[in-house]
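Okay, so here's the structure we're looking at.
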Amino acid sequence: MPEGPEPLDWQGAAIDCGACRHAARLPQGLCGPAWACVNDRYARRIERFFLLGPELADAFLTHPYFEVRAQAARRANLFRLPHLLEDPDPSVRAVAILRLPPAQARRLIADPDRAVRIAVAHRLPPADLHLMMRDEDPAVRLVIVRRAEAGTLPVLAHDPDPEIRRAVARRVDPAWLIHFSGDPEPLVRRAAAERIEPAHLGAFASDPDLRVRHAVAERAPRHVALRLAEDEDPLIRETALLRLAQLREESDA
């Protein structure tokens, strides 16, 4: 079914199915105007063309329109993709990185385009992830934090982006979480309080943020729960009292 904008080619000219070298595919339902067409400038139609004819992808890896090259790269033979790592368009380079073996990703660690470096961060072998921990883009670093070995994460514990630090707090060895008690971002401190060993929760018990103290109250050992049972906030007091009741039940069991 036709969809999207008017069917024009990548240079803005009208599309002539009769002049297309793939016209024989039209009666077979393998392409169609405003639906599945490699000559169209609309990405979804190009993508559908290669979904219906993946065997044609190799022939379009040098097409002048970047969208055709990018969509062809998703279906082409892997052995034809390495040269696309030098393609002038970042979307093409990113597709190639995501399909090629992880070892190839190292070639584009310093690519000028963030989308390409994000693709690289998704594909790098774990042993190479440290090479991108200082990338200038937080989106790249976030991928690294989510994939890196937990033992390497303290390197990013003081990252300027709070979302990075929060991700570190969710994965780093619990023994390291005490260092987040003074983090300027409450959500980072809460992430640490949710994972730290209960014996060390006292470091977060006087936190100025209600959300952090609530996380402490839910897991607190008895002496910390007793402190929070006198907290100025009624929600914290209630949670601490429930925690004390839970601890009594566990000791009586």
Side-chain angles (χ1 to χ4, degrees), residues 43 47 57-58 61-63 66-197 200:
E47 177 185 24
D58 287 3
L61 295 177
T62 58
H63 193 278
F66 78 91
E67 196 66 70
V68 171
R69 298 196 306 276
Q71 296 298 337
R74 299 180 190 278
R75 306 290 169 181
N77 188 305
L78 284 178
F79 293 102
R80 300 290 303 277
L81 297 185
H83 80 278
L84 295 182
L85 297 181
E86 300 177 5
D87 193 278
D89 189 86
S91 63
V92 178
R93 300 196 299 275
V95 171
I97 281 293
L98 290 173
R99 290 202 60 212
L100 284 166
Q104 295 275 9
R106 190 164 182 166
R107 293 172 55 183
L108 296 186
I109 282 176
D111 194 277
D113 190 273
R114 73 188 292 267
V116 176
R117 298 200 310 281
I118 289 173
V120 170
H122 277 291
R123 293 294 288 161
L124 271 181
D128 289 339
L129 290 173
H130 69 280
L131 298 172
M132 300 189 77
M133 283 186 168
R134 299 300 184 191
D135 191 277
E136 65 182 22
D137 194 289
V140 176
R141 301 197 302 277
L142 188 58
V143 175
I144 297 300
V145 167
R146 289 170 175 169
R147 293 192 61 226
E149 296 283 345
T152 67
L153 295 181
V155 173
L156 290 171
H158 300 291
D159 192 277
D161 189 286
E163 189 58 34
I164 303 294
R165 302 197 305 277
R166 187 180 181 190
V168 171
R170 286 171 170 167
R171 295 197 59 234
V172 75
D173 189 305
W176 214 90
L177 292 171
I178 192 68
H179 296 284
F180 286 109
S181 62
D183 193 278
E185 171 56 50
L187 293 181
V188 175
R189 301 196 302 273
R190 184 177 71 173
E194 289 172 342
R195 294 187 61 237
I196 198 168
E197 292 294 330
H200 301 297

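As the structure is a computational prediction, the values presented were derived from the model and not from experiment. Throughout, numbering of the chain's residues begins at 1 and tracks the sequence.
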### Message
R171: which residues meet the salt bridge (Lys or Arg N to Asp or Glu O under 4.0 Å) condition with it, sequence neighbours left out?
### Response
none

### Qualifying ring pair (Phe, Tyr, Trp, His ring centres under 6.0 Å) pairs with a residue from residues 121-143, counting only residues at least two apart or across chains
none

### Message
Going by the rule ring-ring contact (aromatic ring centres under 6.0 Å, His included), which residues pair with H158 if we only count those two or more places apart in sequence or in a different chain?
### Response
none

#### Entry: Any donor-acceptor N/O pair, R69 side chain to T62 backbone, under 3.5 Å
no

### Summary
Those residues at least two apart in sequence (or on a different chain) that pass side chain to side chain contact (heavy atoms under 4.5 Å, CB included) with A76 are A57, D58, L61, L81

### Query
Which residues pass the side chain to side chain contact (heavy atoms under 4.5 Å, CB included) test with A139, sequence neighbours left out?
R114, I118, D137

### Task
Begin from the C-alpha positions of D159 and V168 and carry the test side-chain contact (heavy atoms from CB on, under 4.5 Å) through to its verdict.
CA-CA 9 Å; D159 192 277; V168 171; over 6 Å; no

### Message
Just to verify, what does D89 make a salt bridge (Lys or Arg N to Asp or Glu O under 4.0 Å) with, not counting sequence neighbours?
### Response
none

### Query
Taking it one step at a time, do L100 and L85 satisfy side-chain contact (heavy atoms from CB on, under 4.5 Å)?
CA-CA 10 Å; L100 284 166; L85 297 181; 3.9 Å; yes

### Message
I want to check something: taking the side chain as every heavy atom from C-beta on, are V143 and M132 in contact at a cut-off of under 4.5 Å?
### Response
no

#### Entry: Expected output: side-chain R165 to main-chain R189 donor-acceptor under 3.5 Å
no

### Message
List the residues meeting side chain to side chain donor-acceptor pair (under 3.5 Å) with R190, not counting sequence neighbours, and say none if there are none.
### Response
none

### Summary
Closest non-hydrogen contact found for A115 with A94 is O-CB, 4.2 Å

### Task
Without swapping roles, check the side chain of R147 against the backbone of L124 for a donor-acceptor pair under 3.5 Å.
yes

### Query
Is the backbone of G151 close enough, under 3.5 Å, to the side chain of E149 for a donor and an acceptor to pair up by distance?
no

### Query
Do you know the tightest heavy-atom contact between E185 and D183?
N-OD1, 2.8 Å

### side chain to side chain donor-acceptor pair (under 3.5 Å) involving R146 - partner list, sequence neighbours excluded
none

### side chain to side chain contact (heavy atoms under 4.5 Å, CB included) partners for E47, two or more places apart
L51, Q71

### Summary
Nearest heavy-atom contact between A73 and R99 is O-NH1, 2.7 Å

### Query
For the residue pair W176 and F180, does the interplanar ring angle fall in the parallel (under 30°), tilted (30 to 60°) or perpendicular (over 60°) class?
perpendicular

#### Entry: Flag, side chain of R93 to backbone of E86, donor-acceptor distance under 3.5 Å
no

#### Entry: Heavy-atom pair of closest approach, residues S91 and A70
OG-CB, 4.1 Å

### Summary
Taken to the nearest 0.5 Å, the spacing of L108 CG from Q104 CD works out to 9.0 Å

## Note on the structure
On a heavy-atom basis, the closest approach of L153 and A148 is CD2-CB, 4.0 Å

### Partners passing salt bridge (Lys or Arg N to Asp or Glu O under 4.0 Å) against R106 (at least two apart in sequence or in another chain)
D128

### Task
For the residue pair R117 and P90, establish whether any side-chain heavy-atom pair is separated by less than 4.5 Å.
no

### Message
What I want to find out is whether D161 reaches R141 closely enough, with some N-O distance under 4.0 Å, to be called a salt bridge.
### Response
no

#### Entry: Chi angles and distances behind the side-chain contact (heavy atoms from CB on, under 4.5 Å) call for I144, D135
CA-CA 10 Å; I144 297 300; D135 191 277; over 6 Å; no

### Message
Assess the residue pair M133 and T152 against the criterion (side-chain contact (heavy atoms from CB on, under 4.5 Å)); give the C-alpha distance rounded to whole Å, side-chain angles, the decisive distance to 0.1 Å, and a yes or no.
### Response
CA-CA 10 Å; M133 283 186 168; T152 67; 3.2 Å; yes

### Summary
Residues at least two apart in sequence or cross-chain that pass side chain to side chain contact (heavy atoms under 4.5 Å, CB included) with A167, listed by chain then number, are L142, V145

## Note on the structure
The salt bridge (Lys or Arg N to Asp or Glu O under 4.0 Å) partners of E197 (sequence neighbours excluded) come to none

